Amino acid sequence: MRLGDVPPGGYALLEAPDVPTAMARRLAELGLRAGERVQVMHRTAGGGRLLAVGDTRIAVDRQTARAIPVRPGDADAADPSEAGPS
Amino acid sequence: MSARADRPAARPARSVPSCHSEATAWVGTEDAPVVALVGSPNVGKSTLYNAVTGLRRDVGNWPGTTVAVGRGVLRLPSGDAALLDLPGAYSLDPLSPDEELTRALLVDQAADERPDVVVVTASAANLSRGLYLLAQLRETDTRLVLVVTMSDIAARRGLSVDVAALAATVGVPVLAIDPRRGEGVQGLADVVDRVLHDRRPTPRTTCGGHDPLVVADDRFTWISTAVDASVRRAAVGRTTWSDRFDRVVTAPFSGAAFFLAVMWAVFQLTTTVAAPLQEALDALVTGPISAAATWLLDAVGLGDTWVTGLVVDGLIAGVGMLLTFVPLMAIMFALLSLLEDSGYMARAAVVTDRLMRRIGLPGRAFLPLVVGFGCNVPAISGTRVLPDARHRLLTALLVPFTSCTARLTVYVLVATTFFGSNAGTVVFAMYVLSIVLVVLVGLAMRSTLLRAMGDTPLVLDLPPYQLPLPRLIWASTWSRLQGFLRTASGIIVATVVVVWALSATPAPSAQGSFGDVPVQDSVYASVAQTVAPVFDPAGFGEWETASALMVGFVAKEAVISSWAQTYAIAEPADASEPGSLGDALIVSFEESSGGDPIPAVLAFLVFLLAYTPCVATLAAQKREIGTRWTVFGVGMQLVLAWTLAVAVFQVGRLL
């Protein structure tokens, strides 16, 4: 399952992304790293996704959303802002 | 920068050519300490820089690069320091030329050329994001200060940062500052001064050795510890009003509609609202000011001499032209500041990303290109919304192909003269061609000159919405306006004076004296006659047309008045009623095209669209992308315009 497959409002646990190292590092710097729990807020113009990562909102395009494998996250695991420092 | 013996051995500069003397000259202080301000984008770094330096600042490209770096003075208790505002960077692992420059200056260049103190800015609303850069710098012996901004936004989200606890965990002095309201700014100089005279810190060691991912994990653990120790959070609701607003402005349909509405407003403000202000300034300069100057010169006995011509038609006309850009540029700069400061610009980038990516540009490039259809000059300055210097370069080279309103006047006059009731269709076709040129030239440059430009996917941190503060918008507008006037004034006034001088000088074979010669007998006309044959293959090789195109290089508004002057006909008050100027043009194009005026006129319109818009655009380009790229742009436009015009005429006459 990929991040792009998560329905709006759904939660996901990120796994290591299939992107070049430099990009993986940038994703990690922005809080999108393996093990992190994110909420997919909604679909953006152009087919990307708006993500809630901790207290911040990050827009990713369609390709990036497809390049990040995820496991289904637990909606009851609490609010993303409480999922850890970010 | 001051040399010190206690620094580690120099490492070779990697991304940026080592240009110590040049860079020192640019920083402007040989012995003063250098303080650098760094931080990720949208954390208020530049606002802090503005708050600290007031109006004593300058923004320019770092020597040898197109990356903009601000420089100013930080008044410390022990004396002045040079303050550098480095481009926004999430980390020292660069993904763009701007981040490369930040890395090069902070880490890669020789130890004695690095800044003496680095101030890292981080947002309280998202502390961990800002601490990554600090974590990397803590692994060097750089003297550091951490500034925490946006505490107000953090408070709205139920977050607060314990500054003392944070300082104790990260091992560097920490200050909470609200640069937007100027709170806490005073304390920065004292802390920087103290750190400057402290011993260099011992670098933090990381586990993981040479494995970058393990090292990165170690940094994230360090950051987590610091955040856990210092950030207090109250329970907050899951969906904020900001989320609800984002749902509207970034969603597929409503996002596009909102974006178009914003672009429409920007376009209206930079055209309809700016126009009367521009006309009023123009009327003031050409009316009372010119009259007063003429009267004054009369009074001192220089009335009918060339001096009056130089002062009124050269200097005052040049300054007048520069002044007419002031309201336009002020509106543009204020809008840029408003869109950036409010946080909307990042949302707009999300909405337009996919469309713009097709021509290899990020979504934000949409704004300068839209504005270009009003006027190219503020559009070139608008390329500053692009964080990547290569994207700024490409966009600044494409903007001249957007058809500005000054060109529209000429289209209307020519199209009405030659196409009658079909004039509207012809003018519309020019706009379609303008868009086609932007797309095709963009694609061509992406696959040739700028091939190395990476195609970084969109991963954008959306900054929190903020209520724009008028004081900040004014400060930013004024500072950018000053910069524009400094660069543009010389180029614009000099060009207008040169054109005046050429048309005031009689050609060697002609009668008359300097300052008293009909334009057709001037050196300017001789130059136009020499240039005219170049346009023979395009069907408009008459010297009057060449002359109008040469003046059009200065400003497209002048094309019609130049024609009127050279045909010795009064300039039509309304471009859609060309009158006797229209008759003169029909005869001229009939002759120059050898009986095929329609293809020749179309070729002329295509040339007018594609060649250099005006000298003010060049001045703006020089400021944003440097002289070399500006000259390249002029060459590219001329070659492309000529080639297209010849193709249109040659193919058109066969049909």
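Note: hydrogens, waters and symmetry copies are ignored here, and every other heavy atom, side chains too, is used. Here is the naming used below: chain letters follow the sequence lines, and residue numbers restart at 1 for every chain. On a predicted model such as this, the values are computed, not experimentally measured, just so you know.
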Pick whichever of [options] has the most heavy-atom pairs under 4.5 Å with chain B.
options	result
A:R43, A:R62, A:R26	A:R26
A:G46, A:A59, A:A67	A:A59
A:T44, A:V60, A:L32	A:T44

Margin query: Among B:D243, B:D246, B:D461, which residue satisfies the side chain to side chain donor-acceptor pair (under 3.5 Å) criterion with A:R57?
Written below: B:D243
Next item on the list: May I have the step-by-step check of side-chain contact (heavy atoms from CB on, under 4.5 Å) for A:V38 and A:V6, ending in yes or no?
Entry: CA-CA 10 Å; A:V38 302; A:V6 179; over 6 Å; no
Notebook entry, point to check: Can you tell me how far the CH2 atom of B:W222 sits from the CG atom of B:L131, to the nearest 0.5 Å?
Noted result: 6.5 Å
With a 3.5 Å distance limit and no angle check, can you tell me whether [X] reaches the backbone of [Y] through a side-chain donor-acceptor pair?
X	Y	value
B:T221	B:D217	yes
B:S91	B:L133	no
B:T352	B:G363	yes

Check: Taking non-hydrogen atoms and a cut-off under 4.5 angstrom, which of residues 248-259 of chain B neighbour chain A?
Finding: B:T250, B:A251, B:P252
Give, as side chain, backbone, both or neither, the part of [X] having an atom under 4.5 angstrom from any heavy atom of chain A.
X	value
B:E99	side chain
B:Y132	side chain
B:D353	side chain
B:V350	both

I'd like to check [X] versus [Y] (side-chain heavy atoms, cut-off strictly below 4.5 Å). Are they in contact?
X	Y	result
B:R138	B:R219	no
B:V439	B:R358	no
B:F366	B:V351	no

Margin query: With a 4.0 Å cut-off on N to O distance, would you call B:R103 and B:E100 a salt bridge?
Written below: no
Of all heavy-atom pairs between [X] and [Y], which one has the smallest distance, and what is that distance?
X	Y	result
A:R33	A:A28	NH1-O, 3.0 Å
B:T169	B:A229	OG1-CB, 3.8 Å
A:L51	A:M41	C-CG, 4.1 Å

Check: Just checking heavy atoms, which of residues 17-24 of chain A are less than 4.5 Å from chain B?
Finding: A:A22, A:M23
Of the backbone (N, CA, C, O) and the side chain (C-beta and beyond), which part of [X] lies under 4.5 Å from a heavy atom of chain B, both, or neither?
X	answer
A:Q63	neither
A:T64	side chain
A:R25	side chain
A:L27	side chain

Next item on the list: Would you check if there is a donor-acceptor pair between the side chains of B:Q466 and B:D152 at a distance under 3.5 Å?
Entry: no
Next item on the list: Determine, for B:Y465 and B:R347, whether the Lys NZ or Arg CZ falls below 6.0 Å from the six-membered ring centre while staying within 45 degrees of the axis.
Entry: yes
